[in-house]
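So that the names make sense, note that chain A is the first sequence line, chain B the second, and so on, each numbered from 1.
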Amino acid sequence: MIMDEKSGSYDFKSTEADVQSEWNQNGTFEVSEGSPKPKFYCLAMFPYPSGRLHMGHVRTYTLGDVIARFKRLQGFNVMHPMGWDAFGLPAENAAIKNKVPPARWTKQNIDYMKKQLQSLGFSYDWTREFATCDPEYYRWEQWFFLRMFRKGLVYKKSAWVNWDPVDQTVLANEQVIEGRGWRSNALVERRELAQWFIKITDYAEELLAKLNDLSGWPEKIKLMQRNWIGRSEGLQIRFDPLKESGTGIDVYTTRPDTLMGVTYLAVAPQHPIAREAALKNTDIAAFITAYNQVKMAEADLAKLEKKGVDTGIFVQHPITKEPIPVWIANFVLMEYGSGAVMSVPAHDQRDWEFARQYNLPLKQVIEHPKLGEWDINKSAFVGKGRCINSGDFNSLNFDEAFDAIAEALKSKGLGERQVNYRLRDWGISRQRYWGCPIPIIHCEKCGAVPVPEDDLPVSLPTDVEFDGVTSPIKKMPQWSRTICPNCGGEAERETDTFDTFMESSWYYARFTCNNLDEGMLDDRAKYWKSVDHYVGGEEHAILHLLYARFFHKVMRDEGLVDTDEPFDDLLALGMVLKDGAKMSKSSGNAGDPQHLLDQYGADAVRMAMMFAAPPEQSFEWSEHNVESANRWLRSKLWKTVTQHLEAGPVAMLDKNSLNEYQKDMRRVTHETLMKATDDYGKRLNFNTVVSGVMTLFNELQKFKDESDQGRAVIDEALKTAVLVMSPITPHICTKLWMRLGLGSMDEAKWFTVDEGALRKRVVDVIIQVNGKLRGRIQAPPGVSKDDLSLRARELENVEKFLREEKITRIIHVPDKLLNFVIS
RNA sequence: GCCGGGGUGGCGGAACUGGUAGACGCGCCGGAUUCAAAAUCCGGUUCCUUCACGGGAGUGUCGGUUCGAUUCCGACCCUCGGUACCA
């Protein structure tokens, strides 16, 4: 047993319970908009209620809490809310497995996880809590969707899904394992369904440009978003049919300078040309069928062996009018550009490999700028250079050729300059039950009609049987049968639901006014503005963060918020790994912290997590650290403070009467405080805050001075240590703060560093010979190069390396280093 | 495949602007305390070499820049995250 019952020893159970109940009674973390303090909105990505917390949650929420508590100590009006990203696939899986309706399962999980979060002592304003499956929440999401619908940001088109022919259901990519349905084990087919899309590409330019303003975001995340948006400038080129009757093909290229080297075109297997060709040719039909058996994830498609099939169709080259064969290739994506590419095997490695495989001709049209000669039979030359074998365009460089070819094609109506994005419009239809219903009514006469605002929300029935075969609301005519708001005739509700990224794209704004019945957001959203600090896993670097940035811009354009970006500063956390893989819902409930909380307490769990690694780094979780954190809190922090208090009252610190020994100890205190201020406020490295405080205690342990001023120095050190640790281990620190006679921790203010205390009496200067360490000298700060050089040469171990050598240079880094360079 | 990270003792990590590599903690080893144990405290702990002082090597691999490189540059290997229906 960890606790012993001797009086005065640390009992984390009663301490944590006491402190938490005080927070609850006092409403310590409830905030409003009327404060004279500056506002600070601190948010950690809300969890999917998967059942129990795992260590990834503990890390995210402890980091968020540390930031919130530090900012509170610095005098900010801190809002730190929490809620639930409650719609999603796992609830459906659990419903099938346990025969529980998704709503009930979700509710149970929320109840349990909320208790866990509370027992960890996070400083949440729980009055702002909501779950995204609450109709009061998703009502406004439906309302906002209809605003987008009326703005023309919403449209319908067909798109491909993974179809399980046995379960008669659409599968998510992660539910397709080696080409088979996860439950039925049936071979998955791809199907085309009509789906709703939101025009995020209308905002592509702004989403890209505004990244430059996000100085509080990590460069790596911004870089990933830039690449994801993937802006490029190129040419849309028309290849006309050879015969009048055929169909032409549009391609998009960023290398129009290689147009004269085109030897074939490649189209995606879903391209209309490919489909048409399949009707007449069984080989082509078989090729497309085989392609459609691979799941639609890009990672899987891109890893396919490059394969193609000849359509037998020819189009004409827009300049030379020569016939160009059209192939179908499994590496061409229908979603990007026009679903067709012009292939220049001499100057594109992928085209080159494809041409080799199918014996298609190569034509070199770009000269290597340095080598001149290039053997295109060995590999493609993908660099830029001057045009050759290109008729009128010969000797032009890339830019000149780009312009000349663009002009030539434009005059013939065969080409147009185009800015293209890799970013695709956001498909938001899901053929699932456990999500927010799409508020559209389908009428035979009027088409897709928005549900009138007064009829919102379109509620999802929660008392359902869920067997996994199709969505329950697709089998409930009493739910889907309705009247057309337009013509009053019989009509059907849309039975698809929203992508769950919809909910997480605006929840941060709703926390400002979660109880608002009359609208989506009110002026409180304008008071809290953007999230000042957003904390969450790096796995959300692209999708969630991009969708939320997009939503925010649309909300701004609708006058609902005042700022351009939702998240000013972003802390993108590394993964907590278990056996080398990320901890998540899909890997079961690995890493439930409950037994650790029971055995060692919340402070120990929080401290162990913060001490383990810096936030942005992934690391393998080891429970061992929790025990040692508990030991440190108990036998160092608690015990030292307790013994200090038991030794009686402490005199006032008089800075001017300290001896050198006491000044040295005091310097360590202020160095620790300075480092912690920087680590919390700027570097966001909390592991080094902990190690700094541990070092302070190691120094205190060596400091033996029972004099009045000696004890005053200790007193200051302990108060500093308790303050510095309080964002990480708030329970024990709240109690010790009180005991140290400092009153309520809720009123505490961050300390100021005493610059005078940092001054050093002596510095350690290292002496090197040719960059190798040969000795060290203690000297007063500011010691001159000459003095050092003289003293260094007297050191035997330095002298023996300099003897009989010629010194060519002496490098001096003040107060740090002296390096003798010998030949 | 593509995009973005990461790689430092037995382990987690530190070294913040190119200047003492391994802070702090875990583990392990030795000692104190104890009837004994737990708990606690003290000391040691990169590797090789040396009685010792010291010396040599060393931050994924190979190469480069520099008086000096974990840090900057180039190539490669391994690994993690994302890849648009996991969230």
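The residue A:Gln617 sits close only to the backbone: its heavy atoms come under 4.0 Å of sugar-phosphate atoms, none of a base. Within 4.0 Å of A:Trp228, counting heavy atoms only, lies at least one base atom of the nucleic acid. Residue A:Val690 is classed as having no contact, given no heavy-atom separation below 4.0 Å to the nucleic acid. Among the protein residues, A:Phe619 comes within range of the sugar-phosphate backbone only, with heavy atoms under 4.0 Å from sugar or phosphate atoms but none that close to a base. Across all strands, A:Leu89 comes closer than 4.0 Å only to sugar-phosphate atoms, never to a base (heavy-atom distances). If you check every strand for non-hydrogen atoms under 4.0 Å, A:Phe820 touches nothing. A:Val693 comes within 4.0 angstrom of no nucleic acid atom, judged by non-hydrogen atoms across all strands. A:Ser429 comes within 4.0 angstrom of a nucleotide base, judged by non-hydrogen atoms across all strands. Within the 4.0 angstrom heavy-atom criterion, no nucleotide atom of any strand lies near A:Pro47. Counting non-hydrogen atoms under 4.0 angstrom, A:His540 reaches a base of the nucleic acid. Nucleic acid contact for A:Leu223: sugar-phosphate only, since backbone atoms but no base atoms lie under 4.0 Å from a heavy atom of the residue.
Distance from the side chain of A:Ile811 is smallest for B:rC67 among the nucleotides B:rC67, B:rC80, B:rU20. Among the nucleotides B:rA14, B:rG81, B:rU20, the one closest to any side-chain atom of A:Glu538 is B:rG81. The side chain of A:Ser628 sits closest to B:rG25 out of B:rU20, B:rC67, B:rG25. Side-chain proximity of A:Lys816 to B:rG19, B:rC85, B:rU40: nearest is B:rG19. Closest contact between the side chain of A:Ser618 and the listed nucleotides B:rG19, B:rC80, B:rC41 involves B:rC80. For A:Leu577, the side-chain atoms get nearest to B:rC80 when compared with the rest of B:rC80, B:rC85, B:rA87.
When the side chain to side chain donor-acceptor pair (under 3.5 Å) test is applied to A:Glu219, the partners found at least two apart in sequence or on another chain are A:Lys222. Residues satisfying the side chain to side chain donor-acceptor pair (under 3.5 Å) test with A:Tyr534, not counting sequence neighbours, are A:Tyr507, A:His544. Under the rule for a side chain to side chain contact (heavy atoms under 4.5 Å, CB included), the partners of A:Asp202 that lie at least two apart in sequence or sit in another chain are A:Leu153, A:Lys199. Under the rule for a salt bridge (charged side-chain N to carboxylate O under 4.0 Å, His left out), A:Lys97 has no partner lying at least two apart in sequence or in another chain. With sequence neighbours excluded, the residues that form a salt bridge (charged side-chain N to carboxylate O under 4.0 Å, His left out) with A:Lys474 are A:Asp496. For A:Thr201, the side chain to side chain donor-acceptor pair (under 3.5 Å) criterion is met by A:Asp425, not counting sequence neighbours.
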Under 4.0 Å protein heavy-atom contacts per nucleotide of nucleotides 48-60 of chain B, with B for base, S for backbone only and - for none: ------SSSS---

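Between A:Thr695 and the phosphate of B:rC24, there is no side-chain N or O to OP1/OP2 separation shorter than 4.0 Å.
Side-chain contact between A:Tyr547 and A:Trp426: present, with at least one pair of heavy atoms (C-beta onward) separated by less than 4.5 Å. At a threshold of 4.5 Å between non-hydrogen side-chain atoms, the residues A:Asp764 and A:Ile777 do not count as touching. Two residues are said to be in side-chain contact when any heavy atoms from C-beta on lie closer than 4.5 Å; A:Pro47 and A:Met82 meet this criterion.
Rounded to whole Å, the C1' atom of B:rG5 lies 35 Å from the corresponding atom of B:rG56. B:rA69 and B:rU79 have their C1' atoms separated by 24 Å, with the value rounded to a whole Å. With both ends at atom C1', the span from B:rC77 to B:rA39 equals 48 Å, rounded to whole Å. Taking atom C1' in both B:rU46 and B:rC42, the straight-line distance is 23 Å, to the nearest Å. Atom name C1', nucleotides B:rC26 and B:rG13: the rounded distance is 11 Å, in whole Å. Using C1' as the reference atom, B:rG10 and B:rG74 are 34 Å apart when rounded to the nearest Å.
Residues of residues 295-308 of chain A that place a heavy atom closer than 4.0 Å to RNA chain B, in numerical order, are A:Ala297, A:Glu298, A:Ala299, A:Ala302, A:Lys303. Residues from residues 679-688 of chain A with heavy atoms under 4.0 angstrom of RNA chain B, sorted by number: A:Arg683, A:Asn687, A:Thr688.
The aromatic rings of A:Tyr137 and A:Trp506 lie parallel to each other, with less than 30° between the two planes, well short of the 60° mark. Ring planes of A:His57 and A:Tyr61: parallel class, angle under 30° (limits at 30 and 60°).
Between the NZ atom of A:Lys702 and the C1' atom of B:rG43 there is a distance of 13 Å, rounded to whole Å. Spacing between atom CD1 of A:Ile766 and atom P of B:rA15 amounts to 18 Å, rounded to whole angstrom units.
With hydrogens and angles disregarded, no donor-acceptor distance shorter than 3.5 Å links the side chain of A:Ser158 to the backbone of A:Glu192. When atom types are taken as modelled, the side chain of A:Asn162 and the backbone of A:Met296 share a donor-acceptor pair closer than 3.5 angstrom.
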Quick one: side chains of residues 684-691 of chain A, donor-acceptor pairs under 3.5 Å with protein atoms, not counting sequence neighbours, listed by atom name and distance.
| unit_1 | atom_1 | unit_2 | atom_2 | d |
| --- | --- | --- | --- | --- |
| A:Thr688 | OG1 | A:Asp679 | OD2 | 2.8 |
| A:Thr688 | OG1 | A:Asn685 | O | 3.1 |
| A:Ser691 | OG | A:Thr688 | O | 3.3 |

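In this structure, B:rG74 is classed as anti because its glycosidic torsion departs from zero by more than 90°.
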ring-ring contact (aromatic ring centres under 6.0 Å, His included) between A:Phe87 and A:Phe498, intermediate numbers included: CA-CA 10 Å; A:Phe87 278 136; A:Phe498 284 141; 9.7 Å; no

Full working for ring-ring contact (aromatic ring centres under 6.0 Å, His included) between A:Trp632 and A:Phe697: CA-CA 10 Å; A:Trp632 187 87; A:Phe697 271 84; 5.3 Å; yes

Chi angles and distances behind the salt bridge (charged side-chain N to carboxylate O under 4.0 Å, His left out) call for A:Lys800, A:Glu796: CA-CA 6 Å; A:Lys800 89 184 187 203; A:Glu796 197 200 323; over 6 Å; no

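For the side chain to side chain contact (heavy atoms under 4.5 Å, CB included) test with A:Trp434, the passing option among A:Thr106, A:Asn93, A:Leu89, A:Thr500 is A:Thr106; the others fail.
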Protein and nucleotides 27-33 of chain B: nitrogen or oxygen contacts under 3.5 angstrom:
| unit_1 | atom_1 | unit_2 | atom_2 | d |
| --- | --- | --- | --- | --- |
| B:rG27 | OP1 | A:His624 | NE2 | 3.2 |

Structure string for RNA chain B in dot-bracket form, Watson-Crick and G-U at under 3.5 Å, | interchain: (((((((..(((......[....)))((((((.......))))))((((....))))..(((((..]....))))))))))))....

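A cation-pi arrangement is present between A:Arg774 and A:Phe801 under the rule of less than 6.0 angstrom and at most 45 degrees off the ring axis.
For B:rC67, its base never sits under 3.5 Å from the side chain of A:Gln768 at any donor and acceptor pair. A donor-acceptor contact under 3.5 Å is not formed by the side chain of A:Asn625 with the base of B:rC26.
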